[in-house]
Amino acid sequence: MDAIHIRGGVALHGNVLIQGSKNAALPVLAATLLAKETSIIRNCPRIADVYRMINLLDSLGCNVSWEDGGIRVDAGNVCEGEMPAEAITGMRSSLCLLGAMLGRCGEIVMEHPGGCVIGERPIDIHIAALGKMGVEFKEEGGRLYARASGLHGADLTLPFASVGATENILLAAVMAEGDTVVFGAAKEPEVTALCDFLKCCGASIEGAGSDVLTIHGRVPLHGGDFKIPADRIVAGTYLFGCAATGGCVLLEEAPIGQMEAAIHLAGQMGSKCEPVSEGLYIQSPKRAALPALVRTEPYPGFPTDLQSMALAAMTVGEGECVIEETIFENRFRVVPPLRDMGADIEELDTRKVRVKGVERLAGRSVEAMELRGGAALVLAGLAAQGQTLVTGCSYIFRGYENICRDLRELGARITSG
Ligand code: UD1
């Protein structure tokens with residue numbers, strides 16, 4: 001089940017319904033810990049990371065069940081149980097349990113989620129902000145001990161608009177004594193979704209979607225009934241799949257308002273993107289035109305999570321484009337396998353590549369090394385002539401409910417197993 005087989009060279013055609021957002025579902029599920037009542041979270045994608053979060057909530061004493069209508073979380077009896085170490089270290093977003101548990105219980109012990117504080121993907125911004133709110137941290141034997149005897153509001157200025165840090169601050173601040181003001185907050189739609197959920201539980205938050213958030217703490221929270229918005233990154237993946245294959249697709253329920261930068265780039269690449277009542281309708285030319293430069297940026301700029309898919313679509317376009325990654329180092333691991341398939345990509349430095357479109361890619365055996373890079377290899381396989389085998393697909397299944405089913409609905413010849 002770890003591999004995906006693709007017989008490429010077929011343009012995508014048809015309709016597909018876009019799943020709920022992974023990056024919105026995870027912090028919202030963590031936030032259900034804050035209220036002692038039951039919450040229902042609808043439209044959660046059935047993906048590995050959501051199952052992991054359910055497992056973590058369960059280990060903390062929540063009663064969690066997946067029903068037809070959504071995930072029901074009864075957080076009446078939260079205890080500081082042992083959380084399975086591998087569920088924490090295997091998923092960076094388990095970090096949002098930090099703010100949620102500090103808010104609910106005033107303390108938490110957890111494995112360090114994905115690496116050390118000063119290394120790659122540090123958590124210094126989380127720690128500095130929560131520290132100003134009265135949280136004390138200690139690191140021992142690879143574990144993080146956090147305790148707040150009197151969680152209080154604070155004026156915080158973030159050095160970088162970190163999505164995860166903004167979410168952790170929100171989760172702690174709604175339970176803290178007094179007001180918290182966050183300057184330089186992340187504006188990503190997933191942060192707004194968390195604010196919306198907290199507000200539906202009774203929290204008082206101003207400025208959602210802007211870079212200044214004001215949270216009035218200690219407003220009593222009740223359970224919430226909330227629908228997770230559609231996944232803008234999954235929709236963007238299929239948008240660039242359409243561009244890569246010269247297809248014509250309708251992405252049902254795509255969150256068009258959150259996809260401006262991706263739609264703008266697809267437009268520059270020659271695709272006609274039209275909002276219709278069912279979602280987003282896209283018609284792409286046989287070969288995409290490459291713009292001179294694409295740079296990833298915090299929202300509303302072009303998302304880092306779509307960079308690899310845009311790169312994959314460009315490999316078979318016309319012209320050349322420089323792609324600059326400004327958010328994460330190490331986001332070009334997909335370049336060597338794309339080159340194996342015949343792509344012409346030059347690494348200018350660790351954060352910049354130049355891609356020159358070639359007429360066709362050739363199917364190969366390639367290995368996914370991370371979630372979005374893996375999805376990009378699937379797109380390359382769709383565009384390539386012949387058969388492609390993508391291994392290491394457990395990464396892809398962390399974020400896509402059923403990428404093969406979705407792409408088959410769009411006419412692709414693709415199977416997993
Ligand atoms: C979230 C998303 C991820 C997306 C990213 C950027 C989830 C589960 N994941 O990740 O898919 O790619 O936003 O849109 O929602 N940083 C620090 N110190 C910190 C925190 C972050 O230096 O304390 C750096 C990171 O190393 C990275 C950059 O800031 O270079 C962005 O990180 P952040 O916005 O925090 O991303 P995540 O919340 O981890």
Side-chain angles (χ1 to χ4, degrees), residues 20-31 44-45 47-50 52-53 56 87-88 90-100 112-132 135 137 144 146 156-171 182 184-195 211 228-229 231-234 236-237 258-259 261-262 295-310 324-332 350-351 370-376 395-396 398-400:
S21 161
K22 162 174 105 64
N23 288 354
L26 296 169
V28 166
L29 284 169
C44 280
I47 52 173
D49 279 11
V50 165
R52 275 192 175 143
M53 182 57 83
L56 287 167
I88 294 278
M91 180 172 78
R92 167 87 176 177
S93 42
S94 58
L95 193 53
C96 48
L97 290 169
L98 177 62
H112 220 300
C116 77
V117 183
I118 46 168
E120 220 180 315
R121 297 195 86 170
I123 60 170
D124 54 324
I125 304 174
H126 302 242
I127 288 185
L130 293 169
K132 285 199 178 138
V135 182
F137 290 94
L144 189 65
L156 306 169
T157 302
L158 304 190
F160 176 81
S162 157
V163 173
T166 305
E167 291 169 349
N168 258 330
I169 294 166
L170 276 162
L171 292 163
V182 192
K187 296 183 284 191
E188 267 67 5
E190 296 74 26
V191 174
T192 306
L194 177 60
C195 290
D211 58 0
I228 297 296
D231 196 309
R232 65 191 172 108
I233 305 302
V234 171
T237 303
Q258 305 175 2
M259 294 176 65
R295 182 182 287 128
T296 63
E297 279 164 356
Y299 188 81
F302 188 77
T304 175
D305 285 352
L306 279 178
Q307 183 259 104
S308 304
M309 294 74 136
E324 190 182 347
E325 171 59 55
T326 71
I327 310 292
F328 288 110
E329 67 283 351
N330 221 359
R331 267 244 147 133
F332 287 120
T350 54
R351 295 209 174 220
E370 37 96 15
L371 164 58
R372 305 303 172 186
Y395 287 114
I396 301 176
R398 287 182 57 174
Y400 296 80

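Just follow the structure's listing: the first ligand is 1, and inside any ligand the first atom is 1.
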What closest approach, in Å, do [X] and [Y] show between heavy atoms, and which atom pair accounts for it?
X	Y	value
Arg372	Tyr400	NH1-OH, 3.1 Å
Gly399	Ile47	C-CG2, 3.8 Å
Tyr299	Lys187	CD2-O, 3.3 Å

Working for side chain to side chain contact (heavy atoms under 4.5 Å, CB included), residues Leu194 and Leu171: CA-CA 9 Å; Leu194 177 60; Leu171 292 163; 4.1 Å; yes
Within reach of ligand 1, part of Ile125 (heavy-atom separation under 4.0 Å):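 Both parts.
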Polar contact flag for [X] and ligand 1 (N/O pairs, less than 3.5 Å):
X	answer
Thr304	no
Lys22	no
Glu167	no
Glu329	no

Glu190 heavy atom under 4.0 Å from ligand 1: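 Outside the 4.0 Å threshold, so no.
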Leu26 touching ligand 1 at heavy-atom level, < 4.0 angstrom: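 Checking ligand 1 against Leu26, which is what was asked, there is no heavy-atom contact under 4.0 Å.
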All side-chain hydrogen bond (donor to acceptor under 3.5 Å, both in side chains) counterparts of Glu324, not counting sequence neighbours: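 Result, side-chain hydrogen bond (donor to acceptor under 3.5 Å, both in side chains) vs Glu324: Arg295.
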Contacts of Glu325 that satisfy side-chain hydrogen bond (donor to acceptor under 3.5 Å, both in side chains) - sequence neighbours left out: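 Checked Glu325 against side-chain hydrogen bond (donor to acceptor under 3.5 Å, both in side chains); matches are Thr296, Thr304, Gln307.
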Pull out every atom of ligand 1 sitting under 4.0 Å from any heavy atom of [X], numbered as shown with elements.
X	answer
Ile123	19 (C), 23 (O)
Phe160	28 (C), 29 (O), 31 (C)
Ile327	27 (C), 28 (C), 30 (O), 31 (C)

For atom 20 (C) of ligand 1, the option (of Ser94, Gly164, Ala25, Pro122) bearing the nearest heavy atom: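 The residue whose heavy atom sits nearest atom 20 (C) of ligand 1 is Pro122.
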Electrostatic pair Glu190-Arg232, nearest N-O below 4.0 angstrom: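 Looking at Glu190 and Arg232, the cut-off is met.
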Tyr395 atom OH, over 12 foreign heavy atoms within 6.0 Å: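 No, the 6.0 Å shell around OH holds no more than 12 heavy atoms from other groups.
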